[in-house]
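Have a look at the structure below before the remarks.
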Amino acid sequence: MRTSHLKAARTTRTALLVAAVAAASLGLTACGGDDGAKDAGSASQSAGAPAASATTGTTGETGTTGTTGGTGASGDASASAAPAAAKGSTGGTTGGTTSGGTESGQGASDATAPVCAYGDVKITAAKADEVPTEHIVLTATNTSGRACRLLGHPLIAFGEIQTAKDVPPVAKSKPAAPVVLNPGAPAYANVRVSNGGVHEDNKVVKEFNVNLFAAEGPAEGSVVVTAPAGGLAVDEAVAKTGYWTPELRNGADEF
């Protein structure tokens, strides 16, 4: 009877031990499951990180593309080039205007410049640098304030206009181009008054008349010119005049 009780007690202990072991196993499994979940979560996070990086990377690239607002830099370059171009253009415009102004100031068109009238010029006389005096130089200065054409040669009368002998021109002194005077510019004419020395036909002249040519012939009116100091000994028989010219020339104005 006692033996039966002992067997039964062993059986009960064994069953309890098995149950305890089983319970312990279940507990361990449960704990292991939590750790696994944690590991899985970590794995998920690790896997997610590259994705986030990739996303950041992509955003970065987009940003770079946006920055290719290097187009903006290009725009700045164009903007800075624009003032330079404008300046060049302004320079061109200003050079051009000056040039055009100079031409119109000269009245360079022979056809459009008006003919100089006697009231447009101041005429003076000076003795040539020679002894005795055989020549004088007439200077006609444009005082009109505009360009004008000085035609032909001076019409000179050594004495009363009505009775004075005409002083003939020297053909070789005629300039090839028309003489156009700017305001304030001079033209010259060389004039022989005698052959020098004392001659019975010489007359002393203190002043004389000079007239100009108009387009259709001698103009009306004349300028009274004062002779150089001491007066001039003039021989009308040999007197002759050169044409108006911008400057006196060797040869052409020697007679």
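When reading the values below, keep in mind they use all heavy atoms of this one structure, side chains included, and skip hydrogens, waters and symmetry mates. For reference, positions follow the sequence shown, starting with 1. The shown structure was predicted, so the numbers you read here are calculated from the model rather than taken from an experiment.
- Taking every heavy atom of both residues into account, G196 and P132 meet most closely at CA-CG, 3.7 Å.
- Applying the salt bridge (charged side-chain N to carboxylate O under 4.0 Å, His left out) rule to pairs touching residues 153-165 yields nothing, sequence neighbours excluded.
- Here OG1 of T143 is found 6.5 Å from CG of D120. Values are rounded to the nearest 0.5 Å.
- For the ring pair (Phe, Tyr, Trp, His ring centres under 6.0 Å) condition, the pairs that include at least one residue of residues 172-212, sequence neighbours left out, are F158-F208.
- You'll find the side chain of L151 stays beyond 4.5 Å of the side chain of L212, heavy atoms only.
- Here the CG atom belonging to N190 is positioned 8.5 Å from the CD atom belonging to E254, to the nearest 0.5 angstrom.
- Other residues, nucleotides and ligands contribute only 12 or fewer heavy atoms inside 6.0 Å of the CG atom of D166.
- Alongside F255, the hydrophobic cluster contains V170 (criterion: ILVMFWY side chains under 4.5 Å).
- One hydrophobic cluster holds both I136 and V223 under the rule that ILVMFWY side chains link at heavy-atom gaps under 4.5 Å.
- Contact between N209 and G159 at its shortest, heavy atoms only, is ND2-O, 3.5 Å.
- Shown are V179, L181, V115; of these, the side chain to side chain contact (heavy atoms under 4.5 Å, CB included) with R149 is made only by V115.
- Judged as a ring pair (Phe, Tyr, Trp, His ring centres under 6.0 Å), not a single pair has a partner in residues 159-183 (not counting sequence neighbours).
- With sequence neighbours excluded, the residues forming a side chain to side chain contact (heavy atoms under 4.5 Å, CB included) with L155 are H153, N211, F213, P218, listed by chain and number.
- Contacts of A128 classified as side chain to side chain contact (heavy atoms under 4.5 Å, CB included), with partners at least two apart in sequence or in another chain: E130, H135.
- Evaluation of the side chain to side chain contact (heavy atoms under 4.5 Å, CB included) rule for A214 yields E216, A219 as partners, not counting sequence neighbours.
- Residues V238 and V205 do not share a hydrophobic cluster, defined by chaining ILVMFWY side chains whose heavy atoms lie under 4.5 Å apart.
- Here the rule is side chain to side chain contact (heavy atoms under 4.5 Å, CB included) with V210, and of V121, V191, V225 only V225 fits it.
- Under the side chain to side chain contact (heavy atoms under 4.5 Å, CB included) criterion, P228 pairs with A125, K127, L232, sequence neighbours left out.
- The environment of NZ in K172 is crowded: more than 12 heavy-atom neighbours from other residues, nucleotides or ligands sit within 6.0 Å.
- The two atoms that bring G242 and P154 nearest to each other are O-CD, 3.4 Å, heavy atoms only.
- Sorted by first and then second residue, the pairs that involve residues 184-198 and meet salt bridge (charged side-chain N to carboxylate O under 4.0 Å, His left out), not counting sequence neighbours, are E134-R192.
- Take D253 and apply the salt bridge (charged side-chain N to carboxylate O under 4.0 Å, His left out) test, not counting sequence neighbours, and it matches R249.
- Scanning for ring-ring contact (aromatic ring centres under 6.0 Å, His included) contacts around Y118 gives an empty result, with sequence neighbours left out.
- Within the structure, every pair that satisfies the side-chain hydrogen bond (donor to acceptor under 3.5 Å, both in side chains) test and touches residues 220-248, not counting sequence neighbours, is listed here: K203-E236.
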